[in-house]
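Note on naming: letters A, B, ... go to the chains in the order of the sequence lines (proteins, then strands), and numbering restarts at 1 for each one. Values reported hereafter were calculated over all heavy atoms of this structure, with side chains retained and with hydrogens, waters and symmetry mates removed.
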Amino acid sequence: MKDAFTRPDAMTTGSAGRTAEWLDHRFFTRAPWVCARELIGCVFEWRGCVGEIVEAEAYAADGDPACHTFSRPSARRFVEQHAPGTSYVYLNYGVHWLFNLLVKGPAGHGFVLFRALEPLAGLETMRSRRRRKNVRELCSGPGRLTQALGINGLDHAKLVLEGPDGGIRRGQETPEVVDCQRIGISKGADLPWRFCKDGAPSLSRPPDRR
DNA sequence: ATGAAGATCCGG
DNA sequence: CGGATCTTCATT
């Protein structure tokens, strides 16, 4: 099933030589919440590690008090100066790297924060980086998944989707997505911009149904 | 210069 | 529940 947001050109995956259809940067030329929601169920491949995206959050560059652009001129500059699909990686609490992709749509710009993956391949690498053996502790949080995949500040401001390190493709099934309120923030927590794959084991926290 | 806040995680 | 540990920004 091809569409405007995939590029069938590059690379094959491990499975039986089928051509992978990576998400194009054009995927990220829509509203942040649309991108975040549609990323659920997609497969994120990164330097030999693979996971299904089961949790993501949207942040809006305009009017969203939880977005870095709200209080950080450098973040606003970043949005202006980079293309959709560019990584935005930053250190949180001086401890954890958090991974976002820049979104630039006609209705507004913003970010998608990757919050949890279901590990699919490269589990031993993830285990050694995380120093955990339980699968559910590998990628079930925004700081955990970056550690599991080896993502850090060197990956900031890169067109990760078009580089040799990785890519994102659509999954086989379209999962049931639960919309809920964003978590871990003190402002803008009312917006229903956290998206979870229903019943996924590796969510950072179970969705709050309202 | 200094301080505060922050999209988190872990261990006690 | 508190501490870790670093960056950005605002204030002095």
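- Residue contacts for A:Ile185: at a heavy-atom cut-off of 4.0 Å it reaches the sugar-phosphate backbone alone, with no base atom in range.
- In terms of phosphate contacts, A:Ser71 brings no side-chain nitrogen or oxygen within less than 4.0 Å of OP1 or OP2 of B:dA5.
- Ranking B:dT8, B:dG11, C:dC6 by closeness to the A:Arg132 side chain, first place goes to B:dG11.
- Between the CG atom of A:Leu138 and the P atom of B:dC9 there is a distance of 13 Å, given to the nearest Å.
- Backbone-only engagement by A:Arg115 is indicated by non-hydrogen atom pairs under 4.0 Å involving sugar-phosphate atoms exclusively.
- Heavy atoms of A:Arg131 sit nowhere under 4.0 angstrom from any nucleic acid atom.
- If you measure from atom NE2 of A:His68 to atom C1' of C:dT8, you get 9 Å, rounded to the nearest angstrom.
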Subject >> side chain to side chain donor-acceptor pair (under 3.5 Å) evaluation trace for A:Arg136 with A:Ser140 >> reply: CA-CA 6 Å; A:Arg136 302 177 54 153; A:Ser140 52; over 6 Å; no
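- The side chain of A:Phe111 sits closest to B:dA7 out of B:dC10, C:dC9, B:dA7.
- Applying the 4.0 Å criterion to OP1 and OP2 of B:dA7, one finds that A:His96 has every side-chain N and O outside that range.
- Nucleotide B:dT8 holds its C1' atom 16 Å from the CZ atom of A:Arg182, rounded to whole Å.
- For A:Glu176 and A:Lys197, the salt-bridge test fails: no basic side-chain N is under 4.0 Å from an acidic carboxylate O.
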Original post:
Are A:Gln147 and A:Arg129 close enough, and set up right, to give a side chain to side chain donor-acceptor pair (under 3.5 Å), and what steps lead you there?
Top reply: CA-CA 6 Å; A:Gln147 188 180 26; A:Arg129 289 191 180 125; over 6 Å; no
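- With rounding to whole Å, A:Asn92 atom CG is found 19 Å from B:dA4 atom P.
- At whole-Å resolution of the value, OH in A:Tyr88 and C1' in C:dT8 are 9 Å apart.
- Relative to the side chain of A:Tyr93, the nucleotides B:dA7, B:dT8, B:dC9 differ in distance, and B:dT8 lies closest.
- Distance, A:Phe99 CZ to B:dA7 C1': 14 Å, rounded to whole Å.
- Under the Watson-Crick and G-U wobble criteria, each requiring two contacts below 3.5 Å, nucleotide C:dT5 is left unpaired.
- Regarding A:Leu91, its CG atom lies at a distance of 14 Å from the C1' atom of B:dA5, rounded to whole Å.
- A close approach under 4.0 Å does occur between a side-chain nitrogen or oxygen of A:Arg144 and OP1 or OP2 of B:dC10.
- Under the 4.0 Å criterion applied to side-chain N and carboxylate O atoms, A:Asp155 and A:Arg47 are assigned as salt-bridge partners.
- When each of A:Gln147 and A:Leu98 is assigned the nucleotide of DNA chain B with its nearest heavy atom, A:Leu98 is the one assigned upstream, toward the 5' end.
- Hydrophobic clustering places A:Val160 together with A:Ile53 (ILVMFWY residues linked when any side-chain heavy atoms are closer than 4.5 Å, directly or through intermediates).
- In this pair, A:Tyr59 lays its aromatic ring flat on the base of B:dA7, centres within 5.5 Å and planes under 30 degrees apart.
- Whole-Å rounding puts the A:Asn100 CG to B:dT8 C1' distance at 14 Å.
- The pair A:Asp179-A:Arg37 meets the salt-bridge criterion, with a side-chain N (NZ, NE, NH1 or NH2) lying under 4.0 Å from an Asp/Glu carboxylate O.
- Under 4.0 angstrom from either OP1 or OP2 of C:dC9 there lies at least one side-chain N or O belonging to A:Ser74.
- Side-chain proximity of A:Arg72 to the nucleotides C:dC9, B:dC10, B:dA7 is greatest for C:dC9.
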